[in-house]
Amino acid sequence: MAGGLERVYGTEEDKVNCSFYIKIGACRYENKCQRIHSIPPISQTILFKHMYQNSPMEVAIASGNAVSQAGIEEALEKFENFYEDVFLKLAEFGEIEDLIVCENIGDHLVGNVYVKYTSELFAESCFNALQNLSYENRPLQMEYSPVLDFSSAKCKQYIDGTCQRGGACNYLHLKKISTKFKKSLFNQMYEEHPEYREKKEKEVIEKSPKKQKKKEKKSKKKKSSSSRESSRRNSIERQKMINDWNETGIQNVSQAQKMMYGNNMPAPVYTPKVSMRTSPELLQLQLQLAALKEQLAAIKMS
């Protein structure tokens, strides 16, 4: 029974918990939803409800209306100023993994800001520090969010540019921000809070002995295989050397025979090659053939 509940939890088959709230951290029915919105007691992700205030230009962009280039640049500058201000402030409480802002204009998603920290301790520090505070003269509405994987909350059609619902979509449409600008903010965070980077390096060092052992095992395997390969190469080289010696010996013998016999040098004697699989009948035939060749050679010399 328990396994069945785990299988349907957070899916459309779950008749108890709201799947949209679990995936996205917000539901269009809000408090009127017939299913449960279970706010986690603690989480790596904090949701700031309706924190970002869209300008009329931004609402037009979210709705898919035609906007001038100047209007787009003005909206982008406004958003980047907000993003930088909020990012650096939230980074004071801990290492940020990601910060996203919704472009949706539905009542339950408009202006929502999600920050995900690298640990629950950082999120808790932020949550406790910002209680009862305001941003631009508006009280902050904060709650821990069940969303830990933003990829499942994002609208796939919006990413592909094919979403027909526009700003009214119930999946997350994220406000666009340049990768370069976002990366610069993460770099600034690590410059102002080097302890975050030191913590990461420490974790890597703690994990490294296991990785080091794996590398050592792999290197040993490579060494053993390379030694086997080198031994094979040496065997081949040795065989080649032996063949060279044999060829040199045969050439020396033939030269000595020429010097001794001159033009009356006897024909070479044919010795049949015998393998482990040669049958007695085949061996007899090979010997008879060798005798015939000797007779023919003798006739030619006479």
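Values below: all heavy atoms of this structure, side chains included; hydrogens, waters and symmetry mates excluded.
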Student: OG/S55 to CE/M57 distance, rounded to the nearest 0.5 angstrom?
Tutor: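 Output value for this atom pair is 6.5 Å.
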
Student: Step through the shown structure and confirm whether more than 12 heavy atoms of other residues, nucleotides or ligands are within 6.0 Å of CD on Q34.
Tutor: no

Student: If hydrophobic clusters are built from ILVMFWY residues whose side chains come within less than 4.5 Å, do I36 and I39 share one?
Tutor: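 I36 does not cluster with I39.
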
Student: Quick one: list whatever passes side-chain contact (heavy atoms from CB on, under 4.5 Å) with E74, sequence neighbours left out.
Tutor: none

Student: Considering only heavy atoms from C-beta outward, does the side chain of L130 approach that of L90 to under 4.5 Å?
Tutor: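 Of all side-chain heavy-atom pairs linking L90 with L130, at least one is under 4.5 Å.
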
Student: Please report the shortest heavy-atom distance between E95 and F122, naming the atom on each side.
Tutor: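 Minimum heavy-atom separation between E95 and F122: N-CD1, 3.4 Å.
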
Student: Enumerate donor-acceptor pairs with a distance under 3.5 Å from any side-chain N or O in residues 101-110 to protein atoms, sequence neighbours excluded.
Tutor:
{"unit_1": "E103", "atom_1": "OE1", "unit_2": "Y158", "atom_2": "OH", "d": "2.7"}
{"unit_1": "N104", "atom_1": "OD1", "unit_2": "H173", "atom_2": "N", "d": "2.9"}
{"unit_1": "N104", "atom_1": "ND2", "unit_2": "C169", "atom_2": "O", "d": "2.9"}
{"unit_1": "N104", "atom_1": "ND2", "unit_2": "Y171", "atom_2": "O", "d": "2.8"}
{"unit_1": "H108", "atom_1": "NE2", "unit_2": "N170", "atom_2": "OD1", "d": "3.3"}

Student: Group every Ile, Leu, Val, Met, Phe, Trp and Tyr by side-chain heavy-atom contacts under 4.5 Å, then state whether I100 and L148 land in the same group.
Tutor: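 Cluster IDs for I100 and L148 differ.
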
Student: Working to the nearest 0.5 Å, report the span between CG of L174 and CG of N112.
Tutor: 11.5 Å

Student: Show your working on side chain to side chain contact (heavy atoms under 4.5 Å, CB included) between F127 and F93 and close with a plain yes or no.
Tutor: CA-CA 9 Å; F127 195 86; F93 306 107; over 6 Å; no

Student: Using every non-hydrogen atom in the two residues, find where C126 and M142 come nearest and quote the distance to one decimal.
Tutor: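 Closest pair (atom of C126, atom of M142, distance): O-CE, 4.3 Å.
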
Student: Can you measure from CZ (R35) to SG (C27) and round to the nearest 0.5 angstrom?
Tutor: 9.5 Å

Student: Should T162 and K156 be marked as a side chain to side chain contact (heavy atoms under 4.5 Å, CB included) after you check the CA-CA gap, both sets of side-chain angles, and the distance that decides it?
Tutor: CA-CA 9 Å; T162 58; K156 305 298 187 295; over 6 Å; no

Student: I'd like to know whether D149 forms a salt bridge (Lys or Arg N to Asp or Glu O under 4.0 Å) with K154, so could you lay out the CA-CA distance, the side-chain angles of the two residues, the decisive distance to 0.1 Å, and finally the verdict.
Tutor: CA-CA 9 Å; D149 181 13; K154 296 175 188 176; over 6 Å; no

Student: Quick check, are the ring centers of F48 and Y114 under 6.0 angstrom apart?
Tutor: no

Student: Treating Ile, Leu, Val, Met, Phe, Trp and Tyr as nodes and any side-chain heavy-atom pair under 4.5 angstrom as an edge, say whether I96 and F181 lie in one connected cluster.
Tutor: yes

Student: What is the minimum heavy-atom distance between S43 and A123, and which atoms define it?
Tutor: O-CB, 3.1 Å

Student: With heavy-atom distances below 4.5 Å as the criterion, would you say the side chains of M51 and F82 are in contact?
Tutor: yes

Student: Between F87 and F186, does a ring-ring contact (aromatic ring centres under 6.0 Å, His included) hold up when you go through it step by step?
Tutor: CA-CA 9 Å; F87 185 98; F186 273 94; 5.0 Å; yes

Student: Please report the shortest heavy-atom distance between M189 and G94, naming the atom on each side.
Tutor: SD-O, 4.4 Å

Student: Would you list the pairs meeting side chain to side chain donor-acceptor pair (under 3.5 Å) in which at least one residue belongs to residues 122-135, sequence neighbours left out?
Tutor: D85-Y135

Student: Side chain of K23, backbone of S152: donor and acceptor closer than 3.5 Å?
Tutor: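 Between the backbone of S152 and the side chain of K23 there is no qualifying donor-acceptor contact (under 3.5 Å).
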
Student: Parallel, tilted or perpendicular: which fits the ring planes of Y196 and H193, with parallel below 30° and perpendicular above 60°?
Tutor: parallel

Student: Using the salt bridge (charged side-chain N to carboxylate O under 4.0 Å, His left out) criterion, which residues pair with E143? Sequence neighbours excluded.
Tutor: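 Testing E143 for salt bridge (charged side-chain N to carboxylate O under 4.0 Å, His left out), a comparison that skips the adjacent residues, returns K49.
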
Student: To the nearest 0.5 Å, tell me how far Q44 CD sits from D98 CG.
Tutor: 12.0 Å

Student: So, taking the atom named NZ in K116 and the one named CD in E97, what distance separates them when rounded to the nearest 0.5 Å?
Tutor: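 Nearest 0.5 Å value for the NZ-CD distance: 4.0 Å.
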
Student: What's the shortest heavy-atom distance between G25 and P146, and which atoms?
Tutor: CA-CD, 4.2 Å

Student: Begin from the C-alpha positions of L47 and V113 and carry the test side chain to side chain contact (heavy atoms under 4.5 Å, CB included) through to its verdict.
Tutor: CA-CA 6 Å; L47 166 62; V113 176; over 6 Å; no

Student: According to side-chain contact (heavy atoms from CB on, under 4.5 Å), who are the partners of Q53, at least two apart in sequence or on a separate chain?
Tutor: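 Q53: side-chain contact (heavy atoms from CB on, under 4.5 Å) contacts with R138.
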
Student: Treating Ile, Leu, Val, Met, Phe, Trp and Tyr as nodes and any side-chain heavy-atom pair under 4.5 angstrom as an edge, say whether I42 and Y117 lie in one connected cluster.
Tutor: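 Yes; Y117 is reachable from I42 via cluster members.
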
Student: Could you list the residues that satisfy side-chain contact (heavy atoms from CB on, under 4.5 Å) with E191, not counting sequence neighbours?
Tutor: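 Not a single residue meets the side-chain contact (heavy atoms from CB on, under 4.5 Å) criterion with E191.
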
Student: Verify the cluster assignment for V59 and I61: are they in a single hydrophobic cluster under the rule of side-chain heavy atoms below 4.5 Å apart?
Tutor: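 In one cluster with V59: I61, no.
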
Student: Going through the distances and angles, do F150 and T45 end up as a side chain to side chain contact (heavy atoms under 4.5 Å, CB included)?
Tutor: CA-CA 10 Å; F150 292 131; T45 306; 4.1 Å; yes

Student: Evaluate the criterion ring-ring contact (aromatic ring centres under 6.0 Å, His included) for residue pair Y83 and Y52; output intermediate values, then yes/no.
Tutor: CA-CA 9 Å; Y83 194 95; Y52 183 73; 9.8 Å; no

Student: Would the number of heavy atoms belonging to other residues, nucleotides or ligands and lying under 6.0 Å from OH of Y29 be above 12?
Tutor: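 Count not over threshold, so no.
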
Student: Going by atom types alone, do K78 and N54 pair a side-chain donor with an acceptor below 3.5 Å?
Tutor: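 Absent: no donor and acceptor within the cut-off.
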
Student: Write down the atom of I24, the atom of V147, and the distance for their closest heavy-atom approach.
Tutor: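 Nearest heavy atoms, I24 then V147: C-CG2, 3.3 Å.
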
Student: To the nearest 0.5 Å, how far apart are CG in N187 and CD in E192?
Tutor: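 The distance works out to 11.5 Å.
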
